Amino acid sequence: MNEKQRLEGQQVQTANPSDKKSEKDYSKYFEAVYTPPSLKEAKKRGKEEVAYHKDFDIPQEFHGMGNGRKFYIRTYGCQMNEHDTEVMAGIFLGLGYEPTDTVEDANVILLNTCAIRENAENKVFGELGHLKHLKKEKPDLLLGVCGCMSQEESVVNKILKTYNQVDIIFGTHNIHRLPNILHEAYMSKEMVVEVWSKEGDVIENLPKVRQGNIKAWVNIMYGCDKFCTYCIVPYTRGKERSRRPEDIIQEVRQLAAQGYQEITLLGQNVNAYGKDFEDIQYGLGDLMDEIRKIDIPRIRFTTSHPRDFDDQLIEVLAKGGNLVEHIHLPVQSGSNEVLKIMARKYTREHYLELIRKIKAAVPGATFTTDIIVGYPNETDEQFEETLSLYREVGYEAAYTFIYSPREGTPAAKMQDNVPMEVKKERLQRLNALVNELSAEAMKKYQDQIVEVLVEGESKNNPDVLAGYTRKNKLVNFIGPKSAIGKMVKVKVTDAKTWSLNGEMIEELNAVEVE
Ligand code: 5AD
Ligand code: SF4
């Protein structure tokens, strides 16, 4: 019986750190009552079929559990986590809880965590420290940790050992079990731990409270099978599981009907969409070709892997319309040797050819990327190749990172002869280039008219509105509040390194936008 089957009896496990007598007793105790998550288990890719559940409902016995109570969720990491938070918020509302923006007011606080780099994890441990005093003031407060960090056994063990202010830990495959987990936490004085190492099924119809009514995220697949040697995601998010096309299309249609202006299709590796279907041949190109026909002004997708980016998708993107001409295509490194050690399974030449094909098919296509510097043993020459590739592609922006070893991944076991000082210096040099090319790209917009989807007031000045162009450029401009949520034309008066300033000249009807 595997862990999932064992838990299918809807039993939530608990562990009580206060029973700890000595370090040894402590670990014995946990062995007896609690199975920690296992990265080794999470690495396995079995042939077992994914079941699709279309009938999610909050069990009757939990209705009203949140009456008179408030929840607060703090989200770290990527859009996938942001979207998971929307689902958890939907479940909380279904249980009768009310949302709050202040931790002091909350009866349940969840930290939806990210495991991608060490500093992401450190932020969470810091926050758990800050929240400890609230537990003292409000003993019936529930403090929970969920998201990617909960999938790591080292993290769960650390929390059990040193953060006994935590009441709940649950994993990325256990989100739909939130009602049961909360119930158990109220019933028991012990820490509730429910982390399935193996991915669960695909569950449709989960409730969602979306963060706004202008842009929406739509999951198209879960998990990742790429196993790049540095990356924890295939372990924390499980194997690739695609949602059925009809479910995705229905969700996008509903969002269009509700007036949403922009959809981002989400997955850890969206280009692998559909590869797991056994009964149909259906990929991301097919899906995009359907979705582009839906009456919604903008469609994006993220994140792409260059290896699976096929010609069919390029052909569909070339049809334009609501498919925007901005592509985020993480390259990670410009050196073939480094790409090989990263197990990216493409070469610099293959990547550049892909960019060439997209540029040829999609007029005006722009690119952004992710880059890791200071990979174990990366040489100066190899780093220079990343810089030269950056110029050759002509990226308009990039997320840049110093390599961070993640326990359980192959790269974490590699010897590394690159001192931190050198890594930092490489990051600075790369960032200088990123800024230079971004400023250059922005300059081209000076005095031009751009189409902006207005998202709201600018962060720094409520008299200024802010929104993004199809190519994802931030535009700040003076305009009437009535423009919020609409597509408008703005004349650019000032091009900065990372944003454009302008004046609104015209409001467009969303339907007219091509
Ligand atoms: N160290 C540094 N950066 C990483 N990324 C993923 N794993 C690591 C790691 N161990 C970066 C990659 C990825 C982005 C989401 O985070 O660039 O594309
Ligand atoms: Fe972080 Fe990756 Fe998890 Fe997103 S999927 S929260 S980036 S570890």
Side-chain angles (χ1 to χ4, degrees), residues 37 39 42 73-88 110-124 145-152 155 171-173 175 195 199 217 219 221-240 266-271 302-307 327-334 338-339 341-344 346 351 367-376 378 386 390 395 397-414 416 418 420 423-424 426-427 430 434:
L39 290 182
I73 311 177
R74 181 161 298 170
T75 314
Y76 301 80
C78 64
Q79 286 123 323
M80 191 62 81
N81 259 21
E82 296 279 352
H83 190 45
D84 285 347
T85 290
E86 294 182 335
V87 171
M88 291 190 283
L110 290 186
L111 304 187
N112 188 7
T113 63
C114 172
I116 200 103
R117 282 171 291 275
E118 195 184 355
N119 58 4
E121 296 202 346
N122 288 342
K123 274 189 214 155
V124 170
V145 175
C146 57
C148 288
M149 280 170 70
S150 344
Q151 295 294 135
E152 297 179 277
V155 168
T172 58
H173 307 308
I175 288 175
V195 183
E199 60 285 334
W217 289 303
N219 264 131
M221 63 180 301
Y222 305 95
C224 177
D225 288 347
K226 279 283 176 284
F227 287 103
C228 303
T229 49
Y230 51 82
C231 191
I232 193 81
V233 173
Y235 307 81
T236 61
R237 292 281 176 172
K239 79 169 178 185
E240 287 171 357
L266 278 187
Q268 253 83 32
N269 171 17
V270 287
N271 298 80
T302 199
T303 282
S304 275
H305 191 295
R307 162 106 183 174
I327 293 164
H328 185 68
L329 195 56
V331 68
Q332 313 300 357
S333 167
V338 176
L339 288 172
I341 305 169
M342 287 177 164
R344 291 289 288 175
Y346 56 82
Y351 184 92
F367 296 89
T368 53
T369 197
D370 292 348
I371 292 176
I372 299 176
V373 302
Y375 212 60
E378 181 191 57
T386 297
Y390 197 91
Y395 293 109
Y399 295 103
T400 57
F401 311 102
I402 290 181
Y403 164 68
S404 169
R406 305 285 62 219
E407 199 181 314
T409 61
K413 295 192 198 86
M414 293 176 195
D416 185 4
V418 188
M420 188 44 90
K423 293 180 197 249
K424 283 188 181 159
R426 285 182 191 161
L427 185 70
L430 175 60
V434 170

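One is the number of the first residue; the rest follow in order along the sequence. We count ligands from 1, going down the list as the structure has it; atoms in each ligand are counted the same way. Bear in mind that the values here come from a model prediction, so they are computed numbers and not experimental data.
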Can you tell me the protein heavy atom closest to [atom] and the distance?
atom	value
atom 4 (C) of ligand 1	R117 NH1, 3.5 Å
atom 15 (C) of ligand 1	D370 OD2, 3.8 Å
atom 12 (C) of ligand 1	Q332 OE1, 3.4 Å
atom 7 (N) of ligand 1	Y230 CD1, 3.3 Å

Which class fits the ring pair Y395 and Y390: parallel under 30°, tilted 30 to 60°, perpendicular over 60°? tilted
Between I116 and ligand 1, which residue portion shows a heavy-atom distance shorter than 4.0 Å: side chain, backbone, both, or neither?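 It is both backbone and side chain that touch ligand 1.
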Which is it for I402 and ligand 1 at heavy atoms under 4.0 Å: side chain, backbone, both or neither? backbone
Atom indices of ligand 1, in the order listed, that fall short of 4.0 Å to a heavy atom of S404: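 Numbered from 1, ligand 1 contributes 1 (N), 2 (C), 9 (C), 10 (N).
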Which atoms from ligand 1 have a heavy atom of R406 less than 4.0 Å away? 10 (N)
Mind running side-chain contact (heavy atoms from CB on, under 4.5 Å) on H173 and Q151 for me, showing each step along the way? CA-CA 9 Å; H173 307 308; Q151 295 294 135; 3.9 Å; yes
Could you name all protein N, O or S atoms found under 2.8 Å from atom 3 (Fe) of ligand 2? C148 SG
Pick out which of T172, I232, N112 makes a side-chain contact (heavy atoms from CB on, under 4.5 Å) with C148.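 Only one of T172, I232, N112 forms a side-chain contact (heavy atoms from CB on, under 4.5 Å) with C148, namely T172.
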With a sphere of 6.0 Å drawn around CD of E407, does it hold more than 12 non-hydrogen atoms of other residues, nucleotides or ligands? no
Looking only at heavy atoms of Q268, does any of them come nearer than 4.0 Å to an atom of ligand 2?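 Q268: in contact with ligand 2 (<4.0 Å).
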Please tell me if the side chains of H328 and T303 come closer than 4.5 Å, counting only heavy atoms from C-beta onward.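 In short, these two side chains touch, coming nearer than 4.5 Å.
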Backbone of K423 reached by a side-chain donor or acceptor of Y403 within 3.5 Å: no
Distance alone, cut at 3.5 Å: any donor-acceptor contact between the side chains of Y230 and R117?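 Side-chain D/A pair, Y230 to R117: absent.
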Taking all atoms of both residues into account, what is the closest heavy-atom pair of I402 and I372, and its distance?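 Result for this residue pair: C-CG2, 4.4 Å.
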What verdict does the side-chain contact (heavy atoms from CB on, under 4.5 Å) test give for H305 and Y346, after you've listed the backbone C-alpha separation in whole Å, the side-chain angles of each residue and the deciding distance to 0.1 Å? CA-CA 10 Å; H305 191 295; Y346 56 82; 3.8 Å; yes
CD-CD distance between E121 and E152, expressed to the nearest 0.5 angstrom: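 Here the rounded value is 4.5 Å.
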